[in-house]
**Student:** 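Just passing along the structure, written as structure tokens.
Position 1 is the first residue of the sequence, and the numbers go up from there. Keep in mind that the numbers below use all heavy atoms, side chains included, and drop hydrogens, waters and symmetry copies. Just so it is clear, the structure is predicted and the values come from calculations on it, not from any experiment.
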Amino acid sequence: MLASEGPPALGEIGQGYWIGLSGAPSPDVNVTLIDTDDPTVVTAVLSTVDSTGFPTMLMLAGNGTGSDVGTDWQHVGSMPFMSYDISSPHQADDARVRRAGPGDLTAVTSLMADAFGLEPDIAAAAGGPVRNPSDAACFFLVEDNDQPVSTCFASVVDDAVCIWCMSTPERFARRGYGRTLLGHCLAEAHRLGARLGLLGATPAGQPLYEATGWTTLEPWQLYLKGTTSAQFSG
């Protein structure tokens, strides 16, 4: 059974926090962010997460960085939250890049699983948007000689585009696919009105972002509770 067919997801946005839980048994696809130091909010968010029983990656950002989350949550490192100015249309389209559709779910899932060291059913939990793409929120796919080699999810909200799940497996690395994908996504986002790029960088992706002009706004502190992550291990 695919993880996306399992327990229902929990998505919630409030003042000083957001919760995005897929229900799959991995903290890499269950994520919560707190960016307030209000102890009432912190306690309520942690209680909500705990009540689900889902293994979750907790991120503390902004004013929430110093919040007390208790001794059960173990600090496992930090993730640079980065930005990029796309106010001018200097990014490039590439004919090898296209929007992914429902028929590309297996390709997108396989690329994410290989890139992040995830089980295919876990990766499928993050690939749900492939089934219902839109102009403002969809996966993009790079194909070279009809072979899928890289993918990512891009979501445009107001004047910002958020890049998620940049996935280029090691066997396709250092061939420019990630740079090509990123440039194409930014070009499309610019046409939709985005003027700012935002993303959280994994250790594997950070060198590419720094090389292409992304700058770190702040480090998000990462915590796990009784589980391990395929991407962040402390």
Side-chain angles (χ1 to χ4, degrees), residues 1-4 6-7 9-12 17-35 42 45-62 64-82 108-129 139 150-153 155 162-171 173 178 198-210 214 216-234:
M1 180 176 69
L2 293 180
S4 54
L10 172 62
E12 184 176 316
Y17 74 94
W18 57 258
I19 301 172
L21 307 182
S22 71
S26 168
D28 294 289
V29 290
N30 295 297
V31 182
T32 294
L33 181 139
I34 297 174
D35 62 357
V42 174
V45 171
L46 295 182
S47 177
T48 297
V49 170
D50 285 344
S51 70
T52 69
F54 302 149
T56 299
M57 175 73 74
L58 173 65
M59 304 184 294
L60 300 184
T65 300
S67 296
D68 182 6
V69 297
T71 57
D72 289 340
W73 288 93
Q74 303 301 311
H75 186 251
V76 294
S78 62
M79 179 175 69
F81 180 56
M82 308 184 79
V108 168
T109 296
S110 295
L111 288 170
M112 287 194 293
D114 289 350
F116 296 125
L118 300 172
E119 293 297 324
D121 61 332
I122 300 299
F139 271 88
S150 185
T151 190
C152 77
F153 179 68
S155 176
C162 301
I163 306 294
W164 303 88
C165 304
M166 280 284 295
S167 308
T168 306
E170 178 61 28
R171 66 185 183 280
L198 298 172
L199 57 78
T202 63
Q206 187 174 356
L208 168 63
Y209 308 134
E210 291 177 339
W214 292 70
T216 298
L217 296 176
E218 66 173 12
W220 287 356
Q221 302 306 313
L222 309 179
Y223 292 80
L224 293 173
K225 183 178 182 179
T227 188
T228 57
S229 164
Q231 301 174 66
F232 301 94
S233 57

**Student:** Could you pull out all residues at least two apart from Y223 that satisfy ring-ring contact (aromatic ring centres under 6.0 Å, His included)?
**Tutor:** H75
**Student:** Report the residues that fulfil side chain to side chain contact (heavy atoms under 4.5 Å, CB included) with W164, sequence neighbours left out, ordered by chain and then residue number.
**Tutor:** W18, F153, C162
**Student:** Can you sort out the partners of W73 under ring-ring contact (aromatic ring centres under 6.0 Å, His included), two or more places apart, ordered by chain and number?
**Tutor:** none
**Student:** Going by side chain to side chain contact (heavy atoms under 4.5 Å, CB included), name the residues that satisfy it together with T48, two or more places apart in sequence or in a different chain.
**Tutor:** L10, I19
**Student:** For F81, what residues pass the ring-ring contact (aromatic ring centres under 6.0 Å, His included) criterion, not counting sequence neighbours?
**Tutor:** W220
**Student:** Tell me the closest heavy-atom pair linking A123 and T109, and the distance in Å.
**Tutor:** CB-O, 3.6 Å
**Student:** Taking N30 for the side chain and P25 for the main chain, is one N or O donor matched with an acceptor at less than 3.5 Å?
**Tutor:** no
**Student:** Mind checking what makes side chain to side chain contact (heavy atoms under 4.5 Å, CB included) contact with P203, not counting sequence neighbours?
**Tutor:** F232
**Student:** Please report the shortest heavy-atom distance between S78 and P219, naming the atom on each side.
**Tutor:** CB-CB, 4.2 Å
**Student:** From I122 CD1 over to F116 CZ, what is the distance, rounded to the nearest 0.5 angstrom?
**Tutor:** 14.0 Å
**Student:** What are the two closest heavy atoms between C165 and S167, and how far apart are they?
**Tutor:** O-OG, 2.7 Å
**Student:** Just jot down the salt bridge (charged side-chain N to carboxylate O under 4.0 Å, His left out) partners of D72, sequence neighbours excluded, or say none.
**Tutor:** none
**Student:** With sequence neighbours left out, write down each residue that passes salt bridge (charged side-chain N to carboxylate O under 4.0 Å, His left out) with D114, or none if nothing qualifies.
**Tutor:** R171
**Student:** Return the set of residues passing side chain to side chain contact (heavy atoms under 4.5 Å, CB included) with L208 (not counting sequence neighbours), or none when no residue passes.
**Tutor:** M166, R179, T212
**Student:** State, yes or no, whether a side-chain contact exists between I34 and M59 at a heavy-atom distance under 4.5 Å.
**Tutor:** no
**Student:** Can you list everything that forms a side chain to side chain donor-acceptor pair (under 3.5 Å) with Q74? Sequence neighbours excluded, please.
**Tutor:** none
**Student:** To the nearest 0.5 Å, what is the distance between CZ on F54 and OG1 on T32?
**Tutor:** 11.0 Å
**Student:** To the nearest 0.5 Å, tell me how far M112 CE sits from T151 OG1.
**Tutor:** 7.0 Å
**Student:** Taking the side chain as every heavy atom from C-beta outward, state whether K225 and T56 have any pair of such atoms under 4.5 Å apart.
**Tutor:** no
**Student:** Are more than 12 heavy atoms, taken from residues, nucleotides or ligands other than E12, located less than 6.0 Å from that residue's CD atom?
**Tutor:** yes
**Student:** Would you mind reporting whether L217 and L198 have side-chain heavy atoms less than 4.5 Å apart?
**Tutor:** yes
**Student:** Where is the tightest heavy-atom contact between M57 and P27, given as atom of each residue plus distance?
**Tutor:** CB-O, 3.4 Å
**Student:** Return the minimal non-hydrogen interatomic distance between Y209 and A201, and the atom names on each side.
**Tutor:** CD1-CB, 3.7 Å
**Student:** Indicate yes or no: at least one non-hydrogen side-chain atom of M79 is less than 4.5 angstrom from one of Q206.
**Tutor:** no
**Student:** I'd like to check the side chain to side chain donor-acceptor pair (under 3.5 Å) partners of D28; sequence neighbours left out, ordered by chain and number.
**Tutor:** S26, S229, Q231
**Student:** Rounded at 0.5 Å granularity, tell me how far CG in L60 sits from CG in D35.
**Tutor:** 9.5 Å
**Student:** Test of understanding: with side chain to side chain donor-acceptor pair (under 3.5 Å), list the residues that count as partners of T168, not counting sequence neighbours.
**Tutor:** S150
**Student:** So, do D68 and V42 sit near enough that their side-chain heavy atoms are less than 4.5 Å apart?
**Tutor:** no
